[in-house]
Amino acid sequence: MPHYNSGTRGNKVPLMRNPQSILITGASSGIGEALALDYAAPGVFLALTGRDAARTESVAAACRAKGATVLAATVDAADAPEMEAFLDRAHAERPLDLVVANAGISAGTGGKGESGEQARRILRVNVEGVVNTVAPAVERMLAKPRPGRAPADRGQIAIVASLAAFRGFPGAPAYCASKAAVKVWGEGLRGELHHHGIGVTVICPGYVRTRMTEGNKFKMPLIMNAERAVRIIRRGLARNRARVGFPWRLHFMVQLIAALPPGWTDPLFRRLPKKAAG
Ligand SMILES: NC(=O)c1ccc[n+]([C@@H]2O[C@H](COP(=O)([O-])OP(=O)(O)OC[C@H]3O[C@@H](n4cnc5c(N)ncnc54)[C@H](OP(=O)(O)O)[C@@H]3O)[C@@H](O)[C@H]2O)c1
C-alpha cells in the first residue's frame, strides 16, 4: 500500500518510499552509478543505461551482486526511438515505479566563446535526452495502474537539472540553458501530472565529485561525493519533493542571485573561472 501525506487543498500526495522498479539513465558513472548501487537490493529491478558498454556492464554486475535484477544497455539518450524501445523493454519486464532522467554532459567556453556545435550537442543530450526519457515513461505510467498500487499512485519521475539552472553562467552558457530548460519543464509537468497520480521531482545538485567535475581547474565550493548526493536525493524523492536543491547554502545563494537584476550581477559573473570547452 502506498503511504500518503496531505497535499494542498486536501489532495493526497503519495509518498514514494520504496520504489522496486527503477530506470536510471547515465548509470555508468557518477551520480547515476551511485544511485543505482544505492537502490540495488534483493527484489529490486533496475533498468540502467550508459554510453560506455564496459562501465555500464560493470555497474550492472555490482548491482546484481547486491541482489538486484538488472536490465542494462548502452543507449544514447538523445536517440528518441532507442530510448523509447529501452523504456518499453524495462516497463514490460516490471512496470516502472521511478524513472530518473540523469544522463547529461557538460562543457564550457574556456574563456574563448562557445561554438554552435557544442551548444547543440549539450542541448540535444541534456534537454532532448531528458524529454526522450520522461515523455515515454509518463505515457506508460498513465496507460495503466501498476499491480499492487493504488490507481492514484502511478509512479514518479526525477529530472536531474543543476544549481546552474538558476542563472546563465558566462563560463557554460549552453549547459546552464539546458538545465534551466529541464528544471522549468519538470516544474510544469509536476503540476500537470499531480492530478494523474504521478510525482515529479526536479533535482538541482551543486558540485558533486564525478567524471563531469574532475577536469575542472577551479575551486568548486561545497563539493561533495556522489554517495552523499545520493542520500540527499533519495530522501527528497521519498518525500515526493518538488525540488531537491543541494547543498542548501549554495541553493539559497543561487536563488538570491537569480532574484537580482542580471545587470547587477554581470560584473561578478564575468570574473568567475570558465569551464574548459568540450
Ligand atoms: N557532478 C556535478 O557536479 C553535477 C552538478 C549538477 C548536475 N549534475 C548533473 O548530474 C547528471 C549526472 O552527471 P555526473 O556528474 O554523474 O557526470 P558523469 O559521471 O559524467 O555521468 C554522466 C552520465 O551520463 C551518461 N551520458 C552522457 N551522455 C549520454 C548520452 N548521450 N546518452 C546516454 N547517456 C549519456 C554518461 O555515460 P558514459 O559515461 O557511459 O558516457 C554517464 O553515465 C548530469 O545530468 C549532470 O549535468 C552534475
Side-chain angles (χ1 to χ4, degrees), residues 23-38 46-60 62-63 72-87 100-108 118 120-134 158-167 169 171-172 174-183 185-186 201-216 218-230 232-233 243-247 250-251 254 275 278:
L23 184 144
I24 304 170
T25 64
S28 56
S29 170
I31 297 172
E33 172 181 6
L35 262 176
L37 288 168
D38 206 63
L46 292 171
L48 309 177
T49 75
R51 285 174 311 181
D52 183 289
R55 277 194 281 108
T56 307
E57 196 36 57
S58 127
V59 175
C63 292
T74 50
V75 180
D76 181 355
D79 185 322
E82 247 189 59
M83 250 336 284
E84 182 152 11
F86 181 73
L87 248 138
V100 187
N102 164 73
I105 54 172
S106 76
Q118 176 174 298
R120 278 189 293 276
R121 182 157 38 89
I122 292 174
L123 292 166
R124 239 169 75 73
V125 176
N126 293 8
V127 181
E128 286 185 43
V130 169
V131 175
N132 294 342
T133 308
V134 172
I159 294 176
V160 181
S162 168
L163 290 186
F166 289 78
R167 211 280 186 195
F169 290 88
Y175 181 74
C176 294
S178 71
K179 294 300 176 179
V182 295
K183 168 183 167 288
W185 189 57
T201 297
V202 176
I203 297 163
C204 295
Y207 292 110
V208 182
R209 238 173 249 110
T210 65
R211 274 196 176 75
M212 189 174 276
T213 47
E214 72 186 359
N216 289 351
F218 48 87
K219 191 168 158 26
M220 291 173 272
L222 303 174
I223 190 163
M224 65 176 71
N225 62 34
E227 289 68 30
R228 172 142 180 251
V230 160
I232 299 169
I233 292 169
R243 182 191 302 156
V244 182
F246 60 93
L250 220 49
H251 185 202
V254 294
K275 190 176 172 80

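Reckoned from all heavy atoms, side chains included, excluding hydrogens, waters and symmetry mates. Counting starts at 1 for both ligands and their atoms, following the listed order. Just so you know, these numbers come straight off a predicted model, no measurement behind them.
- Protein residues lining ligand 1, listed by chain and number: G26, A27, S28, S29, G30, I31, G50, R51, D52, R55, V75, D76, A77, N102, A103, G104, I105, V125, V160, A161, S162, Y175, K179, P205, G206, Y207, V208, T210, R211, M212, T213 [non-hydrogen atoms, distance under 4.0 Å].
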inquiry  = Evaluate R211 against S29 for side chain to side chain donor-acceptor pair (under 3.5 Å), listing each step before the verdict.
reply    = CA-CA 7 Å; R211 274 196 176 75; S29 170; 3.0 Å; yes
Chi angles and distances behind the side chain to side chain contact (heavy atoms under 4.5 Å, CB included) call for L163, Y207 = CA-CA 9 Å; L163 290 186; Y207 292 110; over 6 Å; no
Audit row: M220, T213, side chain to side chain contact (heavy atoms under 4.5 Å, CB included) steps and yes/no = CA-CA 9 Å; M220 291 173 272; T213 47; 3.8 Å; yes
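- Residues meeting the side chain to side chain contact (heavy atoms under 4.5 Å, CB included) test with N126, sequence neighbours left out: I105, I122, Y175, S178, K179.
- Summarising the geometry of I159 relative to G186, their closest heavy-atom pair is CD1-CA, 3.7 Å, with the distance given to 0.1 Å.
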request  = Dump the intermediate steps for side chain to side chain contact (heavy atoms under 4.5 Å, CB included) on C176 and F166, then the final yes or no.
outcome  = CA-CA 8 Å; C176 294; F166 289 78; over 6 Å; no
